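Take a look at the structure set out below.
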Protein chains: 2
Amino acid sequence: MRPKLTLKQIARELDVSISTVSKALRDSAEISEDTKQKVKAFAKLYNYKPNNIALSLKNRKTKTIGLIVPEIVHHFFTTVIRGIEEYANEKGYHVMVCLSNNSFDKEVINMEMLANGSIDGFILSISKETMLKEDYHHINEVINQGMPVVMFDRVVDQIKCDKVVIDDVEGATKAVQHLLDTGCKKVGLITTPDYINVGKLRTQGYTEALNKNRMPIHEKYILKIEDDSNSEELIKEFVKTEDFDGIFAVNEEYAVQAISALRKTEKEIPEDVSVIGFTDGVISKNFIPKLTTVNQPGTEMGRQAAKLIIDKLEKPETEEEEQYQTIEIKTNLVKRESTR
Amino acid sequence: MRPKLTLKQIARELDVSISTVSKALRDSAEISEDTKQKVKAFAKLYNYKPNNIALSLKNRKTKTIGLIVPEIVHHFFTTVIRGIEEYANEKGYHVMVCLSNNSFDKEVINMEMLANGSIDGFILSISKETMLKEDYHHINEVINQGMPVVMFDRVVDQIKCDKVVIDDVEGATKAVQHLLDTGCKKVGLITTPDYINVGKLRTQGYTEALNKNRMPIHEKYILKIEDDSNSEELIKEFVKTEDFDGIFAVNEEYAVQAISALRKTEKEIPEDVSVIGFTDGVISKNFIPKLTTVNQPGTEMGRQAAKLIIDKLEKPETEEEEQYQTIEIKTNLVKRESTR
DNA sequence: TTGTAAGCGTTATCAG
DNA sequence: CTGATAACGCTTACAA
């Protein structure tokens, strides 16, 4: 076991000063070829690598991005993380991942822990609880300290920062339009409560599509699920109440549960009822029938979020025009076997 | 925008020395109550938080763990990450996540990037390519530098370090035994090549179960899939070759693809063929029929891995008995609808 | 061409 | 009780 080599040790071994070593390694013109060769050879031989922490302290930048996600055991977030990690790595950045577990308190604690110099900027998708409370002081505080923040997927207007979202409304509209185009007359919606903004937007897309086609909108065609743990029963009840020939669900799980419930009422998919989900994850691809879905390009979203942050971090400080942008990632409909 | 407060600034404001401020904040007995009150009040008012990077440099420890996983868009790894993050956070540690994307080179680069002082220890599951190459120099190098390493799931004997694995052999045996107990006479296995050690171990479990029950083992009952991208066709062919009444698959995807293929040959699940998968993920839970599986307690695995690392990091250096342990996490069979 | 010294933000030691 | 100083590992004016 040999501990890490430092400039000081090299200097001592080679009987030169620390700064000479430093300069030699950085190929400074100040240093003679001879010395450079000697130092470089030694450094290479003993595999010298500058200490990141020392560099961070000196440069006042850590080259790491803090990422806070509500939940990691979730296909969509996972693809976003991959995108972020991928882009960040290409640019020489690390990613520190924290999970809020959809808890407001954990989100606050995580942000405080990271904001103390550990990272240069945040990428985050806020927790359910935070959206409910509408308390964003922790995020605004960080922004006020001058730390760049990028929000993705679950964003809120009350926070001024760069954002990356998908076109939830449009995606939902496309889905419902497809159902109508293929002959559905009575389309049900399975969604989340409105405080989850993506649920709200997708609901809006559903409504818009129906409006555009001059179809009536009934409250009873819409199921809003508060608590995922009893979604199965709720959905089972819901599909019995009306004679739907189309269902649009705002996530994979609801879509699959709807199919399962419909099957129990002797309906065939897609012959009797067409079903479309949102998020093109492993379930959609592996289910029988394979699900028609609106895909969410999570990896692309992650890459864009990482790009926004890193661009801001590397832009010379002088440009003080605080212009925030919101990037909208396009979804598209993946037609498979659960629709006609 | 107000940048972060430092000790120096507090000292200047309050007209005392930096060290007085430092001591006051840490409640040192050396400082008068008066001064302490004054300093603390000021610090609180302006929300002073010590700079992590400076602390890291001083203490020569970062309180962060480096995590390298082959793939993040994968339910099992995701649960492990959750476990690691959870435990690490409880202990005041951060987690830096890197993806190797199953590439040897990326694994090496990531390790080098992190080993330069950014982290105190590694948790890792090695990439496919690394297992194929059997080149572990990068990992051994880090270990030789005195940095603790914990491997999980995909582990190899050639590396001396703490490990966390699941009882793959036993889990597989239990699965196959269940098939036999419920009347299966001809059990097929869908697995990975032997260089993926978990695949190998599960294959071994299959073999052991058959042996114990004095059933013959035929090569043709076993399908080893090299390349996941054409697994569907291979499985389709495979289930046609023999008249299986039971299938054991080493992951969810293969299990589901087997069911799909069997259905096309007019077989009913589980009436004609029972199917068991490995890894109890979202697919198993949502499929119709719901899959009987061997569950892998990923979160528990992650917690144990994090515990191993942190225990080692916080143990006083003196104890130089290099004893490595391997923790085996127990799986259990989740019986659902795809078996009789 | 090389070396000295200051500084990044902390803490610890020691002197006043 | 308070403060100067050194140190963690590195970079960079500035001096020699």
Side-chain angles (χ1 to χ4, degrees), chain A residues 2-40 42-43 46-64 113-120 145-146 317, chain B residues 2-40 42-43 46-64 115-120 145-146 317:
Chain A
R2 115 193 79 94
K4 291 242 88 181
L5 198 57
T6 66
L7 287 187
K8 195 196 262 191
Q9 294 169 46
I10 302 183
R12 197 174 331 120
E13 291 298 326
L14 264 38
D15 212 39
V16 291
S17 77
I18 295 177
S19 63
T20 302
V21 177
S22 174
K23 286 172 191 160
L25 289 175
R26 330 195 81 239
D27 222 13
S28 158
E30 290 181 10
I31 306 295
S32 71
E33 272 312 314
D34 247 31
T35 317
K36 277 195 212 168
Q37 292 310 323
K38 201 173 56 176
V39 172
K40 283 182 182 172
F42 188 94
Y46 293 102
N47 193 29
Y48 169 79
K49 293 277 161 46
N51 179 309
N52 256 323
I53 296 294
L55 287 179
S56 295
L57 184 59
K58 179 113 252 278
N59 303 330
R60 254 93 80 61
K61 52 174 71 170
T62 59
K63 287 249 180 187
T64 107
M113 282 185 74
L114 291 185
N116 298 303
S118 302
I119 60 159
D120 297 339
Q145 276 172 35
E317 304 257 356
Chain B
R2 115 195 79 92
K4 291 245 88 181
L5 198 58
T6 67
L7 288 186
K8 194 196 261 192
Q9 293 170 48
I10 301 183
R12 196 175 331 119
E13 292 298 326
L14 263 40
D15 213 38
V16 290
S17 76
I18 296 177
S19 57
T20 301
V21 177
S22 174
K23 284 173 192 160
L25 289 175
R26 332 196 81 238
D27 222 13
S28 157
E30 290 181 12
I31 306 294
S32 72
E33 272 313 314
D34 248 30
T35 317
K36 277 195 212 169
Q37 292 310 322
K38 201 174 53 176
V39 172
K40 282 182 183 172
F42 188 93
Y46 293 103
N47 193 28
Y48 168 79
K49 293 276 161 49
N51 179 309
N52 257 323
I53 296 294
L55 287 179
S56 295
L57 185 59
K58 180 115 252 281
N59 304 328
R60 256 93 77 63
K61 52 173 72 171
T62 60
K63 286 250 183 188
T64 109
N116 302 160
S118 301
I119 59 158
D120 297 339
Q145 276 172 36
E317 304 255 358

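Hydrogens, waters and symmetry mates are skipped; everything else that's a heavy atom, side chains included, is used. What you are looking at is a predicted structure, and each value in this text was computed from that prediction instead of being measured. A note on names: the letters A, B, ... follow the listed sequences, proteins ahead of strands, and every chain is numbered from 1.
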For this session: Please determine if a side-chain N or O atom of A:Ser17 lies less than 4.0 Å away from the OP1 or OP2 oxygen of C:dG3.
Result: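 For A:Ser17, the contact criterion (side-chain N or O under 4.0 Å from OP1 or OP2 of C:dG3) is met.
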Exercise. Do any side-chain nitrogens or oxygens of B:Ser32 fall under 4.0 Å of OP1 or OP2 in D:dT2?
Worked result: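 Checking B:Ser32 against D:dT2: at least one side-chain N or O falls below 4.0 Å of OP1 or OP2.
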In whole Å, I'd like the distance from the [atom1] atom of [X] to the [atom2] atom of [N].
X	N	atom1	atom2	value
B:Asp15	D:dT2	CG	P	13 Å
A:Ile10	D:dC10	CD1	P	8 Å
A:Lys63	C:dC8	NZ	P	22 Å
A:Gln9	D:dC8	CD	C1'	13 Å
A:Lys36	C:dT2	NZ	C1'	13 Å
B:Asp27	D:dC1	CG	C1'	15 Å

Once rounded to the nearest 0.5 Å, what's the spacing between atom [atom1] of [X] and atom [atom2] of [Y]?
X	Y	atom1	atom2	value
A:Thr62	B:Asn52	OG1	CG	10.5 Å
A:Gln145	B:Leu5	CD	CG	10.0 Å
B:Ile31	B:Ser19	CD1	OG	7.5 Å
B:Leu57	A:Lys58	CG	NZ	12.0 Å
B:Lys49	A:Met113	NZ	CE	11.5 Å

Seminar exercise, completed: Reading nucleotides 9-16 of chain C from 5' to 3' and marking B where a protein heavy atom lies under 4.0 Å of the base, S where only the sugar-phosphate is that close, and - otherwise, the string is BBBBBB--
Exercise. With a non-hydrogen cut-off below 4.0 angstrom, is A:Thr35 in contact with a base, only sugar-phosphate, or nothing?
Worked result: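 Here A:Thr35 touches the backbone only, sparing every base.
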Exercise. Donor-acceptor pair, B:Asn59 side chain versus B:Lys61 backbone, under 3.5 Å?
Worked result: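 Absent.
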Exercise. For DNA chain D, whose closest nucleotide is more 5', that of B:Glu33 or that of A:Ile53?
Worked result: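 Closer to the 5' end of DNA chain D: B:Glu33.
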